[in-house]
Number of protein chains: 2
Amino acid sequence: MSEPETDPEILLRDFLGYHLKRAYVTVHADFRDIMGDAGLSTRVFSALAMVVGQQGITQSELARALGVERSGMVALIDELESADLIRRDPVPGDRRVQALQPTGRGIARFDALVALVRAHEARCFAGLDDTEKDTLLRLLHKVRAGGNST
Amino acid sequence: MSEPETDPEILLRDFLGYHLKRAYVTVHADFRDIMGDAGLSTRVFSALAMVVGQQGITQSELARALGVERSGMVALIDELESADLIRRDPVPGDRRVQALQPTGRGIARFDALVALVRAHEARCFAGLDDTEKDTLLRLLHKVRAGGNST
DNA sequence: TGTAACTGTTATGTAGCTAAACAATCTGAT
DNA sequence: ATCAGATTGTTTAGCTACATAACAGTTACA
């Protein structure tokens with residue numbers, strides 16, 4: 001009862017989940033800002049990054065890696081494909097799946113975007129030194145590992 | 001090039017923002033799980049917590065405290081009011097604003113929910129000891145303070 | 001050979017916001 | 001005392017980012 005009015009987050013303060021969300025919202029908004037209208041959304045960028053990093057990955061594999069449903073990937077892949085950033089290649093031996101391959105444009109675009117995203121991250125986490133960034137990364141990873149594994 | 005296929009998050013791994021989102025999604029999903037169908041969503045719970053913690057807060061003040069637009073609060077407050085958890089009280093001296101007051105039911109409901117949320121947090125952050133939780137809280141707060149102040 | 005599992009896809013729905021406009025109300029400078 | 005500008009709650013419309021359920025085609029395997 002010492003300072004009843006100063007902090008509006010009196011009861012919420014103790015909840016890590018609340019602060020996790022607020023931090024996420026802040027960072028996500030900055031991502032959108034720095035990308036501008038021509039950029040990709042976080043989810044599309046993540047998918048492109050995954051395809052570039054693991055060429056030939058399947059849509060289902062990609063969905064699992066990103067922790068979303070398969071159905072949610074379709075429109076996302078459509079978007080990347082119609083922008084000529086990735087291709088759906090048939091896989092000999094399994095006519096169900098389609099291997100996702102980045103195009104030359106896709107890789108070039110990704111490299112250009114990475115520079116933007118690095119600038120975004122530098123700005124968002126400017127208040128943290130390198131040790132703190134490592135710590136945050138480690139703790140976030142622990143949170144994900146400790147909960148359900150999706 | 002040492003291990004090309006083992007980690008699907010080859011390129012994404014370096015981005016703190018990505019891991020922040022994944023951790024948030026994990027925690028948020030657990031919140032929904034533990035609340036069940038009868039529970040409140042995170043946003044409504046947060047609003048209720050804020051009203052309980054700072055009784056008489058205005059809708060605009062609440063929106064600012066939660067970092068959302070005023071327009072987004074209306075339906076949320078409607079929901080809490082129609083569930084008889086909070087009231088909109090007129091404020092003498094300013095007929096524009098409405099002071100938000102928790103009802104008795106609202107406070108009781110909040111207290112009950114807090115127990116659930118504490119259990120949820122205990123489960124989500126079970127992999128972290130108390131020091132790590134404090135560190136995570138401090139770093140998340142720094143992230144929010146370092147970016148734009150919403 | 002038949003059944004179960006998996007793939008990509010579609011359709012539909014929902015949560016959780018934002019942006020823009022509005023009337024009512026308040027503030028403050030002149 | 002008045003009038004421009006700001007603020008409040010609200011409505012409407014729209015958007016993003018998902019999830020769920022069903023489906024036909026394909027594969028694996030007992």
Side-chain angles (χ1 to χ4, degrees), chain A residues 17-18 21-22 24-33 35 37 39-47 51 56-82 86-100 148 150, chain B residues 17-18 21-22 24-33 35 37 39-47 51 56-82 86-100 148 150:
Chain A
Y18 174 74
K21 175 174 186 173
R22 293 299 300 266
Y24 159 67
V25 169
T26 298
V27 171
H28 191 257
D30 188 85
F31 186 98
R32 292 174 60 87
D33 282 354
M35 279 297 196
D37 294 339
L40 304 181
S41 63
T42 52
R43 56 201 298 266
V44 177
F45 173 79
S46 296
V51 172
I57 192 174
T58 286
Q59 263 178 245
S60 288
E61 290 168 349
L62 182 56
R64 278 190 291 268
L66 293 174
V68 299
E69 288 297 316
R70 273 176 299 140
S71 59
M73 301 302 308
V74 180
L76 194 154
I77 299 298
D78 285 350
E79 185 178 335
L80 284 169
E81 193 179 34
S82 66
I86 70 171
R87 283 193 322 267
R88 285 173 162 110
D89 281 354
V91 171
D94 193 339
R95 278 175 298 183
R96 291 172 301 180
V97 306
Q98 295 171 172
L100 302 175
N148 53 24
T150 56
Chain B
Y18 174 73
K21 175 175 185 171
R22 293 298 300 267
Y24 159 68
V25 169
T26 298
V27 171
H28 191 258
D30 188 84
F31 186 97
R32 291 174 61 88
D33 282 354
M35 278 297 197
D37 293 338
L40 303 181
S41 62
T42 52
R43 55 200 301 265
V44 177
F45 174 78
S46 297
V51 171
I57 192 174
T58 286
Q59 263 179 246
S60 289
E61 290 168 349
L62 182 57
R64 278 189 292 268
L66 293 174
V68 298
E69 289 296 316
R70 271 177 300 141
S71 58
M73 301 302 307
V74 179
L76 194 154
I77 300 297
D78 286 350
E79 186 179 335
L80 283 168
E81 192 179 36
S82 67
I86 70 171
R87 282 193 323 266
R88 286 172 161 110
D89 281 354
V91 171
D94 193 340
R95 278 174 297 180
R96 292 173 302 180
V97 305
Q98 296 171 172
L100 302 176
N148 53 23
T150 59

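What's counted below: heavy atoms across the whole structure, side chains too, no hydrogens, waters or symmetry copies. Reminder, nothing fancy here: chain letters follow the sequence lines and each chain counts from 1. All of these numbers come straight from a predicted model, not from anything done at the bench.
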Can you tell me if A:Arg64 touches the phosphate of C:dT7, counting only side-chain N or O atoms and a distance under 4.0 Å to OP1 or OP2? yes
Expressed as a whole number of angstroms, how long is the span from A:Asp94:CG to D:dC29:P? 12 Å
Under 3.5 Å, is there an N or O donor on one side and an acceptor on the other linking the side chain of A:Arg96 and the base of C:dC6? yes
Under 4.0 Å, heavy atoms only, any strand: does B:Gln59 hit a base, just the sugar-phosphate, or nothing? sugar-phosphate
Hey, which sits more toward the 5' end of DNA chain D by its nearest nucleotide, B:Ala99 or A:His28? B:Ala99
D:dC18 phosphate, OP1 or OP2: any side-chain N/O from B:Arg32 under 4.0 angstrom? no
Could you report the tightest heavy-atom contact between A:Gln59 and A:Gln98, atom names first, then the distance? OE1-NE2, 3.6 Å
When the distance from CE of B:Met73 to P of C:dG16 is rounded to whole Å, what number comes out? 13 Å
Let's see if you can work this out: which of C:dC26, D:dC18, D:dG9 has an atom nearest to the side-chain heavy atoms of B:Gln98? D:dG9
For atom CZ of B:Phe45 and atom P of C:dG16, their distance in whole Å: 14 Å
What nucleotide, of D:dA19, C:dT18, C:dT9, holds the atom closest to the side chain of B:Val68? C:dT18
May I ask you to decide if the ring planes of B:Tyr24 and B:His28 are parallel, tilted or perpendicular, using 30° and 60° as cut-offs? tilted
For B:Pro90 and B:Pro92, the nearest pair of non-hydrogen atoms, with its separation, is O-CD, 3.7 Å
Evaluate B:Arg88 against B:Asp78 for side chain to side chain contact (heavy atoms under 4.5 Å, CB included), listing each step before the verdict. CA-CA 9 Å; B:Arg88 286 172 161 110; B:Asp78 286 350; 2.9 Å; yes
Euclidean distance, atom CD of residue B:Glu69 to atom P of D:dC15 [Å, nearest integer]: 17 Å
Grab the CD1-P distance between B:Ile77 and D:dG9 for me, whole Å please. 9 Å
I need the CG-P distance between B:Leu80 and C:dG16, as an integer number of Å. 13 Å
Return no unless some side-chain N or O of B:Arg43 is found under 4.0 Å from OP1 or OP2 of C:dC17. yes
When the distance from CG of A:Leu100 to C1' of C:dG8 is rounded to whole Å, what number comes out? 11 Å
Does A:Arg95 have a side-chain nitrogen or oxygen under 4.0 Å from the phosphate oxygens OP1 or OP2 of D:dT27? yes
What is the separation between atom CZ on A:Phe31 and atom C1' on D:dT16, rounded to the nearest whole Å? 14 Å
Would you say D:dA19 has OP1 or OP2 under 4.0 Å from some side-chain N or O of A:Ser71? no
Where each residue is assigned the nucleotide of DNA chain D containing its nearest heavy atom, which of A:Gly93 and A:Arg70 is assigned the position nearer the 5′ end? A:Arg70
With side chain to side chain contact (heavy atoms under 4.5 Å, CB included) as the test, would you mind laying out the steps for B:Leu62 and B:Ile77 before giving the verdict? CA-CA 10 Å; B:Leu62 182 57; B:Ile77 300 297; 3.8 Å; yes
Reckon B:Val74 touches a base, only the sugar-phosphate, or nothing at all at heavy-atom distances under 4.0 Å? base
Could you check whether A:Thr58 gets within reach of a base, just the sugar-phosphate, or nothing at all, counting any heavy atom under 4.0 Å? sugar-phosphate
Taking the nucleotide of DNA chain C with the closest heavy atom to each, which residue, A:Gly72 or A:Val97, is nearer the 5' end? A:Val97
hbond_proxy A:Ser41 side chain to D:dA17 base (donor-acceptor, 3.5 Å cutoff): no
Can you name the closest pair of heavy atoms from B:Ala47 and B:Leu80 and give their distance? CB-CD1, 4.1 Å
